[in-house]
Amino acid sequence: MSTSKAVETMVLAISETAISNESYFCELDAVAGDGDFGFSLARGFEVVLDTWEQLDRDSNAAFLRRIATIITSRTGGTSGPIWGTAFLRAAGSLADADATSGGPSDAAAALRASIKGIMDRGKATVGDKTLLDALVPAADALERAAAENLPLSLALERTAQAARAGAEATRDLEAKRGRASYTGARSVGSLDPGAVAVALMTEEIARRLVDFESIASASPTSEEPT
Amino acid sequence: MSTSKAVETMVLAISETAISNESYFCELDAVAGDGDFGFSLARGFEVVLDTWEQLDRDSNAAFLRRIATIITSRTGGTSGPIWGTAFLRAAGSLADADATSGGPSDAAAALRASIKGIMDRGKATVGDKTLLDALVPAADALERAAAENLPLSLALERTAQAARAGAEATRDLEAKRGRASYTGARSVGSLDPGAVAVALMTEEIARRLVDFESIASASPTSEEPT
Amino acid sequence: MKKFVNDPKQFVPDMLEGLALANPGTLTYDPASNLIMRVDAPVPGKVSILQGSGSGHEPAHVMAVGPGMLDGACPGDVFAAPPMDYVLAATRRLATEAGLVYIVNNYTGDRMAFEMAQELAEAEGIKVRTVIVDDDVAVDNSTFTVGRRGVAGNFFVIKAMGAAAERGADIDEVVRVGEHVNSVTRSMGMALTSCTPPAKGTPIFELGETEAEMGVGIHGEPGRERVQVRSASEIVDDLLDAIVSDLPFAAGDRVALMVNGLGGTPISELYLLYGLAHKNLVGRGIEIARNYVGEYCTSLDMAGASLTLVRLDEEIDELFGAPAAVPIRVF
Amino acid sequence: MKKFVNDPKQFVPDMLEGLALANPGTLTYDPASNLIMRVDAPVPGKVSILQGSGSGHEPAHVMAVGPGMLDGACPGDVFAAPPMDYVLAATRRLATEAGLVYIVNNYTGDRMAFEMAQELAEAEGIKVRTVIVDDDVAVDNSTFTVGRRGVAGNFFVIKAMGAAAERGADIDEVVRVGEHVNSVTRSMGMALTSCTPPAKGTPIFELGETEAEMGVGIHGEPGRERVQVRSASEIVDDLLDAIVSDLPFAAGDRVALMVNGLGGTPISELYLLYGLAHKNLVGRGIEIARNYVGEYCTSLDMAGASLTLVRLDEEIDELFGAPAAVPIRVF
Ligand SMILES: Nc1ncnc2c1ncn2[C@@H]1O[C@H](COP(=O)(O)OP(=O)(O)O)[C@@H](O)[C@H]1O
Ligand SMILES: Nc1ncnc2c1ncn2[C@@H]1O[C@H](COP(=O)(O)OP(=O)(O)O)[C@@H](O)[C@H]1O
Ligand SMILES: [Mg+2]
Ligand SMILES: [Mg+2]
Ligand SMILES: [Mg+2]
Ligand SMILES: [Mg+2]
């Protein structure tokens, strides 16, 4: 067994989004937090990219477990444990799943497992103005798409739209968790940086996986995506 | 014996000029110095005004000696010793002088004594970009006016003009003494704050003594100056 | 950005390297986990004490390592809790058979990293306990679910626990001492300016030329309210009102008073504040038995200050007076 | 202006009062002449040491008063030498039969005030000597007739003279020690920002967002040249080039290295600078036997730093190691 092209593409999309938005994410975090979100995230994901060729590729689960370890070892702040746990739980979910299917429902299950991990770790819930406010609607959309038997590309598009809408909606929320919560009502009116990151990442994933049929795919159905 | 109205008016003119220009003098000193000239000067002269009624008025010399003591006790920086010494030497000169004359030549002698004191104390000379560059031309003008037997008011006007010209000319000088000297050639182009203070003070003295005939006068010849 | 820095990403390691080079006889530095530790740690038989936290609060906490204080500190990047791996590596390195206590300021990221590390360390048979510090009265404990923040009062928790550990207290006793000190410690800070993290390069927030932020957090988090700059006396009175009424402190109490600079405020202003705070407290009948004026827990280059009060009892007073040594020194 | 201050004109007295309140057992304060003195001064039989200077350089010099250091300090207002009367009053109060030594940084105002006071004190039969400090290599000694400025190296002159006086050296010996240390001490500083005197309320000079002032004076006087902000390594290299080539320091020398913050620079950056300076000097074959990192002589809230090197010999090394205590302390 080995990694699938689709999962590698997703991780690449997440990593590159984290790195190319480092300053933007810091700016977002500076509004009601401490301005380091982009920095913390980028320091972990740049190691992912730097060690990309050497990463464990025995299976998607092993691959994601390795990503989790890198994040846990390199990313500080709240984001280290949160994102590390998310990758670890996704790895566990894929290890359990029927690796030959790899349709939207497997992806949804992995995302659901990540969400549960984040909630266990950080004690936040939907509405607390965290990345969960983008992730949970995204998982819901993905599950609905799976139930409707939509193709992966369409399912991912719906997922990204839901994440974006969730992220935008954090603007109206008062932060109940994380550093932004110290500002109380003053946090209303600003976007949650974690939720925005999730939106941008799911959008990038949808773009890059438009030609894939399954997250287990070894390669896109048509040409290499640009 | 007691103080003359003219000498009291001069000291008042100097004191009030120092206080009303506190910020301006600080700004001037900030260009190439450390920005405290106005503050230092004002702290001394405000005590002169605060204790005005209680000052020793046995004679002009005693009066000026008391001013010197106040400056020495309250004014710090370079200005304390410089201005304290100036008043002390002026007092000495007036004590020696024929107190009944009090014409421009007595005033010139007092100013010359102040200058000598400042030079002894601070080791500066004309052209070093200090208050001497206003004081020395002023004393020269006053002496010339005395030689020409000009009335006091006209003599003081000439004095003020010379002081102002001297102060303006410090703009082209490179500082050789005081903190401004540390900037070397970069001090060229800025006015010396001490010289500007001297110009403003002599101008104010000329204005206020326009109706006096002698620095020994008990009162102006016509009305009280406004 | 106006800072002494080479590669902003290397700010923390570069600072730690300088700290280690300046203290070769007393500190050991492990770059792999940002770990600054006592040169003689782990001290056999002694309970070890480890602090993490983000960087940017120096001298907290890497410069609070030494006999009678911390055995080690493994900070994260500026304002970011350390990665869990750093904590775990430091735990393995510092633990003794008497055990290891974490001192953790109450922030989500710090708590998670230390909890994860504790779980894993305990699985390896290491005895670990955690003391949470939450002395900041600016953030109301009941309204916000994350609880109060840990700020400059942290110094006193370290001091007391360090003294107890040094004289051979067991792990339960060291934890008890820490929790006891934390329970009688209250702080509040205010900012005159924002601060600029080296990697961000611009201020975390904007304060107008006449604005101040009351109750600011040590990471530049906004505080209770934005106010117009006021006199030093009014600032001290506001901070002490909030602090004194919180515990509450009362007439007859003996206290330790800390005036802590946030990084950009000169020591002259801190002593001016001390004088005002001293007189305010004496006016309330509170006796200042110990005082601390200087920088203890900063926010990079922020101009501002915090006040901390600790209600002293015989035990705490004695622990505060015990000998200790840290890299911060004059001679 | 963003400062902790009540009446700006009372900034210095308010600060001194706070300092005195914080150190009741060790310091005495005489408001009439801004005098902070050891509580046990004058110490019978011991040569007393007095420093004046303007304020705004704290901890220099009011917080350098204590056993093994200064007997007293009588600062003037911010950046203004003390009025002569303060010096004379302090002289009368501190002088012992063994005499009194002034330590005077080489500025016109300071020199004049201390010269005048010395004349008058000597006329009263008090034995007074003066040691001039002029360690700043930024200002070329030959070109400018006022000579080099005294800056952070002052600390080392105080430390050595204080140690010598404490162990009973006579006045000639104390003066000799001071002049000897001054002769092997060199400093240079640079500013990233200007500073704002409380009474002036606005910065003394303007530095653009990308500008730095090399060789800045401790009163905000402009320095050698205005440059573009550069990396910490380049700054350290430039400062050390100027300092090392001035004495000159050479391979094989043992030195004390001070990294001094100018008031607005956090200690994290100072340690980063220390690491760079340390490696630079080791690369030149110079051994750093003692190091000092922190704020010793500041310019109010200026962001910036200075480096000082002292060439050690056995005598100086031993004096630097002698016990001493000042108000600046952690515990
Ligand atoms: N308790 C929590 N659970 C889940 N996510 C959280 C929690 N607290 C904060 N977050 C997320 O983390 C983001 C901030 O991350 P980061 O800047 O690394 O944290 P900090 O600097 O506060 O330690 C927030 O935008 C939010 O999405
Ligand atoms: N050696 C000197 N002799 C005479 N006047 C001097 C000397 N040095 C400086 N001055 C004058 O003093 C003024 C500055 O005074 P002040 O600000 O009190 O000094 P500082 O702050 O440098 O101690 C200068 O503008 C100059 O006119
Ligand atoms: Mg953050
Ligand atoms: Mg000046
Ligand atoms: Mg953070
Ligand atoms: Mg001055």
Side-chain angles (χ1 to χ4, degrees), chain C residues 1-6 11-12 14-22 55-56 58-59 63 159 192-193 207 209 212 229 231-233 235 263-276 278-279 291-296 298 300-301 303 305 320-321 323-324 326-331, chain D residues 1-6 11-12 14-22 55-56 58-59 63 159 192-193 207 209 212 229 231-233 235 263-276 278-279 291-296 298 300-301 303 305 320-321 323-324 326-331:
Chain C
M1 179 180 54
K2 298 290 203 80
K3 278 189 184 306
F4 294 110
V5 59
N6 287 334
F11 181 76
V12 172
D14 286 353
M15 180 250 302
L16 296 179
E17 185 184 10
L19 176 62
L21 285 172
S55 290
E58 294 70 28
M63 298 159 201
K159 178 69 188 76
L192 294 172
T193 69
L207 272 179
E209 210 15 71
V229 169
S231 73
S233 289
I235 290 167
T265 287
I267 185 101
S268 49
E269 294 177 41
L270 298 182
Y271 272 104
L272 186 148
L273 292 177
Y274 178 81
L276 299 172
H278 183 107
K279 288 187 277 187
N291 67 68
Y292 302 77
V293 183
E295 293 181 346
Y296 289 85
T298 62
L300 294 168
D301 54 351
F320 284 3
V326 291
I328 300 300
R329 55 190 159 76
V330 176
F331 301 105
Chain D
M1 178 180 54
K2 299 288 203 82
K3 278 189 185 307
F4 294 110
V5 60
N6 286 332
F11 181 76
V12 172
D14 286 352
M15 179 250 303
L16 297 178
E17 186 184 10
L19 177 62
L21 285 172
S55 291
E58 294 70 27
M63 298 160 200
K159 178 70 189 76
L192 294 174
T193 69
L207 273 178
E209 209 17 67
V229 169
S231 72
S233 289
I235 291 168
T265 288
I267 186 101
S268 49
E269 294 178 42
L270 299 182
Y271 272 104
L272 187 150
L273 291 176
Y274 178 82
L276 299 173
H278 183 106
K279 288 187 276 188
N291 67 68
Y292 303 78
V293 184
E295 292 181 346
Y296 289 85
T298 62
L300 294 169
D301 54 351
F320 284 2
V326 290
I328 300 301
R329 54 188 161 75
V330 176
F331 301 105

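Numbers restart at 1 for each chain; the letters A, B, ... are given by sequence-line order, proteins then strands.
Interatomic distance, C:Asn291 CG to C:His278 NE2, rounded to the nearest 0.5 Å: 8.5 Å. Rounding to the nearest 0.5 angstrom, the gap separating the CG atom in C:Leu16 from the CG atom in D:Leu272 is 9.5 Å.
Considering only heavy-atom pairs separated by less than 4.5 Å from chain C, the leading option among D:Gly294, D:Gly263, D:Ser268, D:Gly264 is D:Ser268. Of the listed residues (D:Asp14, D:Asn6, D:Val5), the greatest number of heavy-atom pairs within a distance under 4.5 Å of chain C belongs to D:Asn6. Heavy-atom pairs under 4.5 Å with chain C were tallied for D:Pro266, D:Ala22, D:Gly18; the largest tally goes to D:Ala22. When D:Tyr271, D:Tyr292, D:Tyr274 are compared by the number of non-hydrogen pairs under 4.5 Å with chain C, D:Tyr271 comes out ahead. Interface check for chain C: of the options D:Ala20, D:Gly275, D:Ala212, the most heavy-atom pairs under 4.5 Å are formed by D:Gly275. Contact count against chain C (heavy-atom pairs under 4.5 Å) is highest for D:Met63 among D:Lys159, D:Met63, D:Glu295. Ranked by non-hydrogen atom pairs under 4.5 Å with chain D, the options C:Thr298, C:Val293, C:Thr193, C:Val326 are led by C:Val326.
When heavy atoms are compared at a cutoff of 4.5 Å, D:Ser233 approaches chain C by way of both its backbone and its side chain. Heavy atoms closer than 4.5 Å to chain C are found in the side chain of D:Leu273, but not in its backbone. Of the two parts of C:Met1, only the backbone, made up of N, CA, C and O, holds a non-hydrogen atom closer than 4.5 Å to a non-hydrogen atom of chain D. When heavy atoms are compared at a cutoff of 4.5 Å, D:Val229 approaches chain C solely by way of its side chain, counted from C-beta outward. Contact of C:Ala303 with chain D is not made at all, since no heavy-atom distance falls under 4.5 Å. Interface remark: C:Leu276 contributes side-chain atoms only to the contact with chain D (heavy atom separation under 4.5 Å). Both the backbone and the side chain of C:Ala305 come within contact range of chain D, with heavy atoms under 4.5 Å apart. Only the side chain of C:Ile235 comes within contact range of chain D, judged by heavy atoms closer than 4.5 Å. Heavy atoms closer than 4.5 Å to chain D are found in both the backbone and the side chain of C:Pro327. Contacts between D:Tyr296 and chain C at a heavy-atom distance below 4.5 Å involve the side chain alone, from C-beta outward.
Using a 4.5 Å heavy-atom threshold, the side chains of C:Leu192 and C:Leu207 count as separate. The shortest side-chain heavy-atom distance between C:Ile267 and D:Ile328 falls under the 4.5 Å cut-off.
Taking all atoms of both residues into account, the shortest heavy-atom contact from C:Glu209 to D:Lys2 is O-CE, 3.0 Å.
A distance-only check finds a donor-acceptor pair linking the side chain of C:Glu58 to the backbone of C:Gly56 [under 3.5 Å].
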